[in-house]
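Index from 1, following the sequence.
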Amino acid sequence: MTSSKKSRKLYCFDTSAFVMLSRTSETIIQLPEKLWAHLEKMMKKGVIISHTIVFDEISSGTKNPDFITKWIADKKDSFLKKTDFQIQKVSQIVKKFPKLIDIAQEHEQADPWVIALALEKCEEKTLFEECECVVVSHENPKSSIKIPAVCKDFGIRHLSLKEFFNEIGLSAYITHS
């Protein structure tokens, strides 16, 4: 008797992915409402997640909120909090990739937390379901110190926004990378 486990895929968005979505929507091309509705639906279903630090990076200190700040305002449930598991992983990530964060910054930076969240979600397997968590960012995949390199080192798949839209079948809406 073979057991067939369901596979669930989660997309863990970094601040840079949200910022690029906002810039794309405001300056390069107008992203259609259908796309925003699809992203919102994915967030409500828990397929797109992120970290509370990402939420804070996008929304804190904005006197004149931009499009993406307004768009995420009612989606705070999709931005998950720190856990003990993540705290341990962030320590490992920063120790191995110290240039991932800027130590001169006074506020906490999301990059290691996004990766730690993805690692945590990958660990959440049940008897009937396996989970793959993919990090989505708009960072240079050739850099040896940015999110794509850290993801590769920790065995997490990384996608650019363009690759993400290709994977979910909405690439027709995106003409720029």
Without placing hydrogens or testing angles, list every side-chain donor-acceptor pair under 3.5 Å for residues 37-48, not counting sequence neighbours.
none

Shortest non-hydrogen contact between [X] and [Y], atoms and distance:
| X | Y | value |
| --- | --- | --- |
| V90 | A116 | CG2-CB, 3.7 Å |
| C12 | S50 | SG-CA, 4.4 Å |
| A110 | E57 | N-OE2, 3.0 Å |
| H158 | S160 | CE1-N, 4.0 Å |
| A17 | L161 | O-CD1, 3.4 Å |

Decide whether [X] and [Y] are clustered together by the hydrophobic rule: side chain heavy atoms of Ile, Leu, Val, Met, Phe, Trp, Tyr closer than 4.5 Å, transitively.
| X | Y | value |
| --- | --- | --- |
| V136 | L119 | yes |
| V114 | F85 | yes |
| F165 | L10 | no |
| W71 | I58 | yes |
| I168 | V134 | yes |

**Asked** Judged by atom type as modelled, is there a donor-acceptor pair below 3.5 Å linking the side chain of D66 to the main-chain atoms of T69?
**Response** yes
**Prompt:** Can I72 and V54 be said to form a side chain to side chain contact (heavy atoms under 4.5 Å, CB included), step by step?
**Reply:** CA-CA 10 Å; I72 67 164; V54 169; over 6 Å; no
Quick check for you: to the nearest 0.5 Å, what is the distance between [X] atom [atom1] and [Y] atom [atom2]?
| X | Y | atom1 | atom2 | value |
| --- | --- | --- | --- | --- |
| E132 | I156 | CD | CD1 | 8.5 Å |
| H51 | E120 | NE2 | CD | 8.0 Å |
| L117 | T83 | CG | OG1 | 8.0 Å |

Students often mix this up, so state it plainly: with edges at 30° and 60°, are the rings of [X] and [Y] parallel, tilted or perpendicular?
| X | Y | answer |
| --- | --- | --- |
| F154 | F97 | tilted |
| F55 | F79 | perpendicular |
| F164 | F13 | perpendicular |

**Asked** L100 and V94: side chain to side chain contact (heavy atoms under 4.5 Å, CB included), yes or no, with the steps?
**Response** CA-CA 7 Å; L100 181 64; V94 173; 5.5 Å; no
**Request:** Just grab all the side chain to side chain donor-acceptor pair (under 3.5 Å) pairs involving residues 139-154, residues at least two apart or on different chains.
**Result:**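 Applying side chain to side chain donor-acceptor pair (under 3.5 Å) to every pair that reaches into residues 139-154, excluding sequence neighbours, yields K96-D153.
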**Asked** Which pairs pass side chain to side chain donor-acceptor pair (under 3.5 Å) with one or both residues in residues 100-118, sequence neighbours excluded?
**Response**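 Those involving residues 100-118 are K82-E108, Q105-H107, E108-W113.
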For residues [X] and [Y], determine if any side-chain heavy atom of one lies less than 4.5 Å from a side-chain heavy atom of the other.
| X | Y | answer |
| --- | --- | --- |
| L80 | K121 | yes |
| I115 | C151 | yes |
| F18 | T15 | no |

**Asked** CG of D74: more than 12 outside heavy atoms within 6.0 angstrom?
**Response** yes
**Message:** Run E167 and R157 through salt bridge (Lys or Arg N to Asp or Glu O under 4.0 Å) and show every step you take.
**Reply:** CA-CA 12 Å; E167 185 163 302; R157 202 157 64 92; 2.9 Å; yes
**Asked** Step by step, would you call H138 with V19 a side chain to side chain contact (heavy atoms under 4.5 Å, CB included)?
**Response** CA-CA 9 Å; H138 190 71; V19 168; over 6 Å; no
